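Below is one structure, written out as structure tokens; the observations come after it.
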Amino acid sequence: MFTGIITDIGTIRTHEQRGDLRLIIGCAYAMDGVAIGASIACSGACLTVVEKGADWFAVDLSAETVARTAPGLWEEGGRLNLERALKVGDELGGHIVTGHVDGIGHLVSATREGDSTRLVIRAPKELAAALAAKGSITVDGISLTVNGVEDQADGSVDFGLNIIPHTAAATTLDALVEGRAFNLEIDVLARYLDRMQSLRAKG
């Protein structure tokens, strides 16, 4: 489990396609305190540490993981939002995050509002019912609050976010281009409610 509070930005040093995709990710974590087999959320995807060095760790991504995450995210030189798994007693500063990507969103616009940046991201129709104003959303591993939603004719939904300067500086949200793809994870409560409603509809 995670909280969506980013604690480091990692850089993909190597990208090697074996049976699975092996990445070596440079980081500022004290890796002597990270065990092999530990979980680290990498831009919202929970990945397992399979090797490590003084300032890096390696992960393996299955074809399923690559297919379900933002295209282009795992390229060599790419930057990733990192968060280590939650420990008992840690402060829950964001919201409960599982590290399972529910869908891919795309940046519609980024505009300045005072010192902050207003983002509008389009989520696929499969996630539309799970997004609500003042609800929580995880965007590339970052816990954020939805400011507003606007349903689209094709069933997709545009949702707005306010990014304060600290969040932009501490994450990869300092680099925004129109159409950028994001890993999205809906609030865990919304996930269970969606499942309950789907079963009721079948009954």
Side-chain angles (χ1 to χ4, degrees), residues 1-7 39-48 61-74 80-86 90-110 116-164 167-168 170-173 176 179-203:
M1 303 296 285
F2 306 91
T3 69
I5 303 300
I6 303 307
T7 52
S39 295
I40 296 179
C42 299
S43 286
C46 177
L47 301 176
T48 300
L61 282 72
S62 68
E64 175 76 2
T65 298
V66 174
R68 290 186 174 272
T69 51
L73 180 65
W74 309 116
L80 303 171
N81 295 317
L82 302 182
E83 182 189 357
R84 294 184 59 184
L86 185 65
D90 283 353
E91 179 181 352
L92 184 60
H95 70 282
I96 294 295
V97 175
T98 65
H100 299 154
V101 177
D102 293 304
I104 306 301
H106 293 87
L107 182 64
V108 175
S109 63
S116 299
T117 302
R118 167 83 172 182
L119 300 187
V120 176
I121 297 173
R122 182 158 297 167
K125 63 181 179 181
E126 294 79 13
L127 303 187
L131 291 167
K134 307 309 177 186
S136 296
I137 183 74
T138 307
V139 177
D140 274 359
I142 309 161
S143 172
L144 297 167
T145 299
V146 176
N147 286 343
V149 296
E150 184 176 340
D151 294 319
Q152 304 299 304
D154 63 358
S156 63
V157 61
D158 287 1
F159 63 94
L161 305 166
N162 186 66
I163 308 301
I164 63 173
T167 301
T171 69
T172 61
L173 292 181
L176 297 168
R180 173 178 164 177
F182 298 100
N183 290 332
L184 302 180
E185 180 184 333
I186 61 175
D187 182 73
V188 65
L189 179 59
R191 185 183 290 131
Y192 283 115
L193 288 173
D194 183 59
R195 172 67 174 161
M196 290 166 63
Q197 288 178 337
S198 68
L199 288 175
R200 285 174 182 166
K202 290 178 182 177

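When reading the values below, keep in mind they use all heavy atoms of this one structure, side chains included, and skip hydrogens, waters and symmetry mates. Computed from a predicted model, the values in this text were never measured in an experiment.
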With side-chain contact (heavy atoms from CB on, under 4.5 Å) as the criterion, how do E83 and T3 come out once you've worked through the C-alpha distance, each side chain's angles and the decisive distance to 0.1 Å? CA-CA 8 Å; E83 182 189 357; T3 69; 2.9 Å; yes
Salt bridge (charged side-chain N to carboxylate O under 4.0 Å, His left out) contacts in which one or both residues fall within residues 135-163, not counting sequence neighbours: R122-D158, D140-R180
Under the salt bridge (charged side-chain N to carboxylate O under 4.0 Å, His left out) rule, what pairs show up with a residue in residues 61-70, not counting sequence neighbours? E64-R68
Beyond-backbone contact of [X] with [Y], side-chain heavy atoms, under 4.5 angstrom:
X    : Y    : value
L144 : V139 : yes
L173 : I142 : yes
I96  : M1   : yes
T117 : L161 : no

Does the pair S116 and I163 meet the rule for a side-chain contact (heavy atoms from CB on, under 4.5 Å), with working shown? CA-CA 6 Å; S116 299; I163 308 301; 5.9 Å; no
Determine the minimum heavy-atom distance between [X] and [Y], stating which atoms define it.
X    : Y    : result
S156 : A123 : CB-O, 3.2 Å
F2   : G99  : CD1-N, 4.2 Å
L119 : A110 : CD2-CB, 3.6 Å
D102 : I186 : OD2-N, 2.9 Å

Hits for salt bridge (Lys or Arg N to Asp or Glu O under 4.0 Å) against R118, two or more places apart or cross-chain, chain-then-number order -> none
side-chain hydrogen bond (donor to acceptor under 3.5 Å, both in side chains) partners for [X], two or more places apart:
X    : result
T7   : Y29
S143 : H95
T167 : none
S62  : T65

From [X] atom [atom1] to [Y] atom [atom2], the distance as rounded to the nearest 0.5 Å:
X    : Y    : atom1 : atom2 : value
T138 : H100 : OG1   : NE2   : 12.0 Å
N81  : T172 : CG    : OG1   : 3.5 Å
N162 : T145 : CG    : OG1   : 10.0 Å

Exactly one of D187, L184, V149, I121 should register a side chain to side chain contact (heavy atoms under 4.5 Å, CB included) with L131. Which one does? V149
So does T98 get a backbone contact from the side chain of E185, meaning a donor-acceptor N/O pair under 3.5 Å? yes
Mind checking what makes side-chain contact (heavy atoms from CB on, under 4.5 Å) contact with [X], not counting sequence neighbours?
X    : value
L80  : I12, I25, C42, S43, L73, W74, L82
A181 : A70, P71, I104, H106
T48  : none

Could you go through V157 and L127, starting from their C-alpha distance and side-chain angles, then the distance that decides it, and tell me whether this counts as side-chain contact (heavy atoms from CB on, under 4.5 Å)? CA-CA 8 Å; V157 61; L127 303 187; 5.9 Å; no
Hey, mind stepping through V146 and I137 against side-chain contact (heavy atoms from CB on, under 4.5 Å) and telling me if it holds? CA-CA 7 Å; V146 176; I137 183 74; 3.7 Å; yes
